[in-house]
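Okay, so here's the structure we're looking at.
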Amino acid sequence: MKYIKTKQWQIKESEVTSKTLFNKRRDFIKLGAASLVSSGAIFELLAKDKIPLANLQYKKDKNENNLTLNSYEQITSHNNFYEFTTNQSKVKDMAHTLDISNWKIKVDGLVEKPMVIDFETIMKKFPLEERIYRFRCVEGWAMVVPWIGFELSKLIKYLKPLSSAKYIKFETLYDEKMFPDQARGILSTISYPYVEALRMDEAMNELTILAVGLYGSSMPKQNGAPIRLIVPWKYGFKSIKSISKISFVDKQPLNSWQKENKNEYGFYANVNPYVDHPRWSQSKERVLGKFFKQRTLMFNGYEKQVASLYKGMDLTKDF
Ligand SMILES: Nc1nc2c(c(=O)[nH]1)N[C@H]1C(S)=C(S)[C@@H](COP(=O)(O)O)O[C@H]1N2
Ligand SMILES: [Mo]
């Protein structure tokens, strides 16, 4: 069981009595979330940073690279989710229209058994683990997030694609009632549904996960509830949100941003400080909450794990 059947809620300072806080704190510690912060700081964090009560069970990431986590507040209040708005600070206030109840993912294409799999089934089948990853948007901002999820390879093995499948393609839900920018029709900022894809070996890499939460609790709507892709060595736009369809295909799909502007956005979108965006440098990044920029790392710091995937490719052309 990975899903604790308590209501997900945020502690409001006014509701915090010492008794309930004691119980919450105990639950929090039981779930392994406590080592995120020194135990004394939990009171403050729960009350002030408004981290929701941890409702997921997962194996903790040891954070061997000693990455400094961005706060829950930072991660959930600066978002790119064009289906709502291009205003990054407003997504969180609009995302309530996304209805994630009875969420399903349709699976089709070059696969043994096409099917519709519901989110509850996914939560029962795949044990969760925490992955503390750097995340780098193509626009030059970055953050470190404690995602909760499972390796995409596990779902792929379960779905059994045919050997002719060379790429895995993802689509975000299309629903004009939930996503205001989809309802704008030809005036939409980009064309929908949002599409992303990976080459099969990229999808099978152990760094690639499907995330269902962060900071120990279910994925906030603004971050792509209930389930999204995370590919930490690629620019953030590859990490498609609110996935409702997966297709196995033999031809390289046209992803949303390549479709919008193929001179600026490619299929691979590997983080690369040496290949600039036509309109700005990619050599540096600003971590959310920091004033000074820092150097961007090749493959976002995951070179050892992924560089071999791109041997023999010209990364200035296949960007
Ligand atoms: N469906 C969908 N997925 C999306 C986007 C989007 O607009 N729609 N934006 C992408 C971009 S550009 C980034 S940087 C990340 C942002 O994720 P975050 O809001 O959780 O930080 O989501 C990616 N996934
Ligand atoms: Mo992005």
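Both counts, for ligands and for their atoms, begin at 1 and track the order of listing. Fair warning: this is a prediction, and the values are worked out from it, not measured in the lab.
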Residues S217, N55; criterion side-chain hydrogen bond (donor to acceptor under 3.5 Å, both in side chains); working and verdict: CA-CA 5 Å; S217 73; N55 68 335; 4.5 Å; no

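In terms of polar-atom proximity, defined here as any N/O pair under 3.5 Å, W257 makes no such contact with ligand 1. Checked by distance only, ligand 1 and W141 stay at 3.5 Å or farther apart across all their nitrogen or oxygen atoms. At a 3.5 angstrom cut-off on N or O pairs, E83 counts as close to ligand 1.
Under a cut-off of 6.0 angstrom, the local environment of CG in N102 is sparse, with at most 12 non-hydrogen atoms contributed by other residues, nucleotides or ligands.
In F84, neither the side chain nor the backbone holds a heavy atom less than 4.0 Å from any atom of ligand 1. The side chain of F135, and not its backbone, has at least one atom closer than 4.0 Å to an atom of ligand 1 (non-hydrogen atoms only; side chain from C-beta on). Heavy atoms of N79 found under 4.0 angstrom from ligand 1 belong to the backbone as well as the side chain.
Both L210 and F237 are part of a single hydrophobic cluster, where members link through side-chain heavy atoms under 4.5 Å apart.
Distances from ligand 1 to the non-hydrogen atoms of R228 include at least one value under 4.0 Å. A heavy-atom separation below 4.0 Å is found between M143 and ligand 1.
Which parts of ligand 1 touch C137 is read off a 4.0 Å heavy-atom cut-off, strictly below it: atoms 14 (S). The distance from ligand 1 to the heavy atoms of F81 drops below 4.0 Å at these ligand atoms: 1 (N), 6 (C), 7 (O), 8 (N). Those atoms of ligand 1 with a heavy atom of S239 less than 4.0 angstrom away are 22 (O), 23 (C), 24 (N). Atoms of ligand 1 found under 4.0 Å from any heavy atom of N223 (numbered from 1 in listed order, with element): 18 (P), 20 (O). Close contacts of ligand 1 with G236, meaning ligand atoms under 4.0 Å from a residue heavy atom, involve 10 (C), 11 (C), 13 (C), 14 (S), 15 (C), 22 (O), 23 (C).
Comment: K241 does not engage E83 in a salt bridge, judged by the lack of any side-chain N to carboxylate O separation of less than 4.0 angstrom. Looking at E206 and R131, no side-chain N of the basic residue comes within less than 4.0 Å of a carboxylate O on the acidic one, giving no salt bridge. The pair R184-D181 counts as a salt bridge, with a side-chain nitrogen and a carboxylate oxygen less than 4.0 angstrom apart.
For atom 10 (C) of ligand 1, the nearest non-hydrogen atom from the set F179, Y194, Y82 belongs to Y194.
With rounding to the nearest 0.5 Å, the separation of CG in L315 from CE in M298 is 5.0 Å.
Nearest heavy atoms, I75 versus N70: CD1-O, 3.6 Å.
Counting protein heavy atoms only, atom 1 (N) of ligand 1 is closest to T172 OG1, 2.8 Å. Summary of contacts: the protein heavy atom closest to atom 5 (C) of ligand 1 is N80 O, 3.6 Å. Among protein heavy atoms, the minimum distance from atom 19 (O) of ligand 1 is reached at K241 NZ, 2.6 Å.
Checking side-chain atoms of R228 against main-chain N and O of S239 turns up a donor-acceptor pair under 3.5 Å. The backbone N or O of Y192 sits nowhere less than 3.5 Å from a side-chain atom of Y82 that would complete a donor-acceptor pair.
Side-chain contact between L254 and V195 is absent, with no heavy-atom pair separated by less than 4.5 Å.
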